[in-house]
Participant: 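I'd like to ask you about the structure that follows.
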Amino acid sequence: MIKFEEVKNGVIFPVGEKNAAYSQYFTGQSYLKNLIADPAVNVGVGNVTFEPGCRNNWHIHHDGFQLLLVTGGEGWYQEDGKPAQFLTAGDVIVTHDGIKHWHGAAKDSWFEHLAITAGTPEWLEAVSDELYNALKKK
């Protein structure tokens, strides 16, 4: 059974289009609606929606940061070398400059967050199925 199917229609902000520009950095299907993409502002804000099981690759933000504001569904966030954190609506994640991390939906749930991002991303390897499939809610 898939949970939080209402997320696929957008919780607060529109879901946006299939995230084709970044699809090579995701396992599964994600959707992106850029909310702020003003070249005069050095921070981007996007509504990112993940289908169940979708997650992005490990990545690092250089000369910047990433803030995640979870608006719907259930998902995961993990920094390299630390346990994964289970996320639900209302959770806030602060990722500092230079921290290797990934985030995405739980296997059985849609997931949505606002991503407030500054700096340049460095996209790395995919999150292995072995690591992802071993995640368990506490």
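We use all heavy atoms of the structure for the numbers below, so side chains are in, but hydrogens, waters and symmetry mates are not.
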Participant: With a 6.0 Å cut-off (strictly less than), is the heavy-atom count around CD of Glu5, excluding the residue itself, greater than 12?
Facilitator: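 More than 12 within 6.0 Å, yes.
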
Participant: Only one of Tyr132, Trp102, Phe86 clears ring-ring contact (aromatic ring centres under 6.0 Å, His included) with Trp76; which?
Facilitator: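 When ring-ring contact (aromatic ring centres under 6.0 Å, His included) is applied between Trp76 and each of Tyr132, Trp102, Phe86, only Phe86 qualifies.
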
Participant: Take atom CD of Gln24 as the centre, draw a 6.0 Å sphere, and report whether it contains more than 12 heavy atoms from other residues, nucleotides or ligands.
Facilitator: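 Yes, enclosed.
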
Participant: Is it the case that atom NZ in Lys33 sees more than 12 heavy atoms from other parts of the structure closer than 6.0 Å?
Facilitator: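 Count not over threshold, so no.
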
Participant: Using every non-hydrogen atom in the two residues, find where Trp58 and Glu79 come nearest and quote the distance to one decimal.
Facilitator: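 Closest heavy-atom pair between Trp58 and Glu79: CZ3-C, 4.0 Å.
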
Participant: Please give me the minimum heavy-atom distance between Leu135 and Ala84, naming the atom from each residue.
Facilitator: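 Smallest interatomic distance, heavy atoms only, reads CD2-CB, 3.4 Å.
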
Participant: List the atom of Val15, the atom of Asn9, and the distance in Å for their closest heavy-atom pair.
Facilitator: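 Where Val15 meets Asn9 most closely, the heavy atoms are CG2-C, 3.5 Å.
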
Participant: Examine distances only and state if a side-chain atom of Asn19 and a backbone atom of Ser30 form a donor-acceptor pair shorter than 3.5 Å.
Facilitator: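 Side chain of Asn19 to backbone of Ser30: no pair is present.
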
Participant: Should Thr117 and Phe65 count as side-chain neighbours, where that means a heavy-atom distance under 4.5 Å?
Facilitator: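 Of all side-chain heavy-atom pairs linking Phe65 with Thr117, none is under 4.5 Å.
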
Participant: For Lys3 and Glu74, run salt bridge (charged side-chain N to carboxylate O under 4.0 Å, His left out): C-alpha distance rounded to whole Å, both residues' side-chain angles, the deciding distance at 0.1 Å, then the answer.
Facilitator: CA-CA 8 Å; Lys3 298 188 281 185; Glu74 295 178 344; 2.8 Å; yes

Participant: Taking the side chain as everything from C-beta on, heavy atoms only, tell me whether Gln66 gets closer than 4.5 Å to Val94.
Facilitator: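 The answer is no; the side chains never approach within 4.5 Å.
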
Participant: Determine whether His59 and Glu122 make a side-chain contact, defined as any pair of heavy atoms from C-beta on separated by less than 4.5 Å.
Facilitator: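 Not in contact.
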
Participant: Apply side-chain contact (heavy atoms from CB on, under 4.5 Å) to residues Gln78 and Gln85 and explain how you reach the verdict.
Facilitator: CA-CA 6 Å; Gln78 185 174 20; Gln85 299 175 51; over 6 Å; no

Participant: Spell out, as yes or no, whether a donor-acceptor pair under 3.5 Å connects the side chain of Asn34 to the backbone of Ile36.
Facilitator: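 Checking the backbone N and O of Ile36 against the side chain of Asn34, no donor-acceptor pair under 3.5 Å is found.
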
Participant: Check Pro52 against Ala105 and note the closest heavy-atom contact, atom names and distance.
Facilitator: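 In this case the closest contact between Pro52 and Ala105 is CA-CB, 4.2 Å.
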
Participant: Does any non-hydrogen side-chain atom of Thr95 lie less than 4.5 Å from one of Leu67?
Facilitator: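 They are not in contact (no side-chain heavy atoms under 4.5 Å apart), so the answer is no.
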
Participant: Can you tell me if Asn133 uses its side chain to pair, donor with acceptor, with the backbone of Glu130 under 3.5 Å?
Facilitator: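 Checked: no pair found.
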
Participant: Has Lys137 got more than 12 heavy atoms of other residues, nucleotides or ligands less than 6.0 Å from its NZ?
Facilitator: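 Correct, the count exceeds 12.
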
Participant: Are side-chain heavy atoms of Leu69 and His113 found at a separation under 4.5 Å?
Facilitator: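 Answer no - side chains too far apart.
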
Participant: Does the side chain of Tyr31 come within less than 4.5 Å of Glu112's, by heavy atoms?
Facilitator: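 Sidechains of Tyr31 and Glu112: no contact.
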
Participant: Out of curiosity, Arg55 CZ to Lys107 NZ, how far, rounded to the nearest 0.5 Å?
Facilitator: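 Answer rounded to 0.5 Å: 9.5 Å.
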
Participant: Check whether the ring centres of His96 and His61 lie less than 6.0 Å apart, and answer yes or no.
Facilitator: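 Here the rings of His61 and His96 have centres that are no less than 6.0 Å from each other.
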
Participant: Could you grab the distance from atom SG of Cys54 to atom NE2 of His103, nearest 0.5 Å is fine?
Facilitator: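 Atom-to-atom, Cys54:SG and His103:NE2 are 11.0 Å apart.
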
Participant: Got a sec, which hydrophobics cluster with Leu87, joining ILVMFWY side chains under 4.5 Å apart, including via others?
Facilitator: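 Its cluster mates, by chain and number, are Tyr22, Tyr25, Phe26, Leu32, Val48, Phe50, Leu68, Val70, Tyr77, Ile93, Phe111, Trp123.
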
Participant: Using the rule given for side-chain contact (heavy atoms from CB on, under 4.5 Å), can you reason through Thr120 versus Asp63, listing the C-alpha separation, both sets of side-chain angles and the distance that settles it, and then say yes or no?
Facilitator: CA-CA 7 Å; Thr120 305; Asp63 301 318; 5.7 Å; no

Participant: Same cluster or not: Val11 versus Ile2, using hydrophobic residues (I, L, V, M, F, W, Y) connected whenever any side-chain heavy atoms lie under 4.5 Å apart?
Facilitator: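 Same cluster.
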
Participant: Quick one: closest heavy-atom pair of Thr27 and Ala126, and the distance?
Facilitator: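 Looking at all heavy atoms of both residues, the shortest contact is OG1-CB, 4.3 Å.
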
Participant: Taking the side chain as every heavy atom from C-beta outward, state whether Asn57 and Leu124 have any pair of such atoms under 4.5 Å apart.
Facilitator: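 The answer is no; the side chains never approach within 4.5 Å.
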
Participant: I would like to know whether Thr49 and Asn47 meet side-chain contact (heavy atoms from CB on, under 4.5 Å); could you show each step before the answer?
Facilitator: CA-CA 7 Å; Thr49 305; Asn47 186 41; 4.0 Å; yes

Participant: Report yes if some heavy atom in the side chain of His62 is under 4.5 Å from a heavy atom in the side chain of Ile60; otherwise report no.
Facilitator: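 A side-chain contact under 4.5 Å exists here.
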
